[in-house]
Amino acid sequence: MKVIFHGHACFEIQSNEGRIIIDPFLRNNPQATSKPEDFKEIDAILVTHGHSDHLGDALELAKNTGAVIVANFELGSYLESFGVHVHQMHIGGKHSFPFGNIKLTPALHGSGIPVGDGTFFYGGLACGFLIGIEDKWLYHAGDTGLFGDMQLIGQHYDLELAMLPIGDNFVMGPEDATLATKMLHPKYIIPMHYNTFPVIEQDENNFLELLQKQVPETKGIILQAGEAYQI
Ligand code: NI
Ligand code: MN
């Protein structure tokens, strides 16, 4: 399968089982090289939480493509009110879809949906996603701080790939992402959620060095927006 990075926390997964996009922040994403209208066929849109840099263009994509949005119950209810196809789930729950198995994991973060004037709709709890495709498990952590239950995920899932934030300030920084990698022990890690805005600037090579020193068995992969990695 092919994993394409679209900048920030947005990834696209193309497999024999379908095409998935996670956290489709495209139009206002300074890193993104694709626009929502570039996507003609998508099976599913996975949204980790209600913040605009993750919910992004999910509604537009769902309207254009008919793809199902997978999100937590509260965020899902909100999105469903716009007439798009939504599958609501919640943390700890797994569901088998034609495009793969999806399980919601905890994430230490908010999920308020900004509706203007500094007002938020309640968006439930932020989550991450375990995604089972072609007999491989991928983990998109969403926005999160480090938490010890990542150890459980690492123990119970033989992860091929982890997509972990390293931008610090709102989420894990490089040191905590390295600790997370130690607990998750995936074959590959792609760092995300950095360099999109000044407050989350990071030198990805420092992270790779840290990783090489502390978790040499995991291979760090740096993707620029628009680049793909075959796993
Ligand atoms: Ni967020
Ligand atoms: Mn974010």
Side-chain angles (χ1 to χ4, degrees), residues 3-13 20-34 36 45-61 69-79 88-91 102 104-131 138-147 149-150 162-177 180-181 184 189-204 207 222-225:
V3 177
I4 306 162
F5 184 50
H6 290 293
H8 202 54
C10 181
F11 288 85
E12 180 188 344
I13 297 157
I20 296 173
I21 190 163
I22 310 161
D23 284 353
F25 175 48
L26 299 165
R27 205 181 291 290
N28 296 322
N29 179 352
Q31 294 181 333
T33 56
S34 300
I45 303 159
L46 276 48
V47 182
T48 60
H49 62 292
H51 296 166
S52 48
D53 57 323
H54 298 262
L55 180 55
D57 305 295
L59 275 172
E60 187 177 338
L61 282 175
I69 298 180
V70 179
N72 81 52
F73 187 79
E74 292 83 357
L75 175 56
S77 304
Y78 170 82
L79 295 172
Q88 293 156 309
M89 296 181 68
H90 233 306
I91 290 162
I102 308 287
L104 267 61
T105 65
L108 291 179
H109 199 70
S111 183
I113 307 157
V115 289
D117 301 328
T119 307
F120 287 84
F121 273 164
Y122 178 66
L125 293 173
C127 74
F129 290 108
L130 279 163
I131 306 162
L138 319 181
Y139 172 53
H140 186 293
D143 275 4
T144 186
L146 181 68
F147 59 92
D149 283 355
M150 286 179 178
M163 294 155 266
L164 303 182
I166 66 159
D168 227 332
N169 193 75
F170 300 111
V171 291
M172 294 189 283
E175 295 83 8
D176 282 357
T181 309
L184 295 162
I189 173 197
I190 304 177
M192 62 172 181
H193 211 279
Y194 67 97
N195 290 356
T196 324
F197 314 109
V199 74
I200 55 171
E201 262 173 29
Q202 294 294 335
D203 181 344
E204 59 266 46
F207 172 67
I222 304 294
L223 293 183
Q224 304 305 322

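When reading the values below, keep in mind they use all heavy atoms of this one structure, side chains included, and skip hydrogens, waters and symmetry mates. All residue numbers refer to positions in the sequence shown, counting from 1. Atoms within a ligand are numbered from 1 in the order they appear, just like the ligands themselves.
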So, do His109 and Phe147 have ring centers that fall under 6.0 Å from each other?
-> no
Atoms of the protein (N/O/S only) found under 2.8 Å from the Mn ion (ligand 2) | Asp53 OD2, His54 NE2, Asp143 OD2, His193 NE2
Going by the angle between their ring planes, with limits at 30° and 60°, are Phe25 and Phe197 parallel, tilted or perpendicular?
-> tilted
Is the side chain of Asn72 donor-acceptor paired with the backbone N or O of Gly123 at a distance under 3.5 Å, no angle test?
-> yes
Hey, which of Leu164, Ile13, Ile190, Asp23 is the one that makes side chain to side chain contact (heavy atoms under 4.5 Å, CB included) with His140?
-> Asp23
Quick one: does [X]'s side chain get under 4.5 Å of [Y]'s, heavy atoms only?
X: Thr196; Y: Asn29; result: yes
X: Leu138; Y: Phe11; result: no
X: Asn28; Y: Ser52; result: no

Proximal protein heteroatoms (N, O or S) of the Ni ion (ligand 1), under 2.8 Å | His49 NE2, His51 ND1, His109 NE2, Asp143 OD2
The ring-ring contact (aromatic ring centres under 6.0 Å, His included) partners of Phe121 (sequence neighbours excluded) come to Tyr78
Identify, with sequence neighbours excluded, every residue that meets side-chain hydrogen bond (donor to acceptor under 3.5 Å, both in side chains) alongside Gln88.
-> Ser77
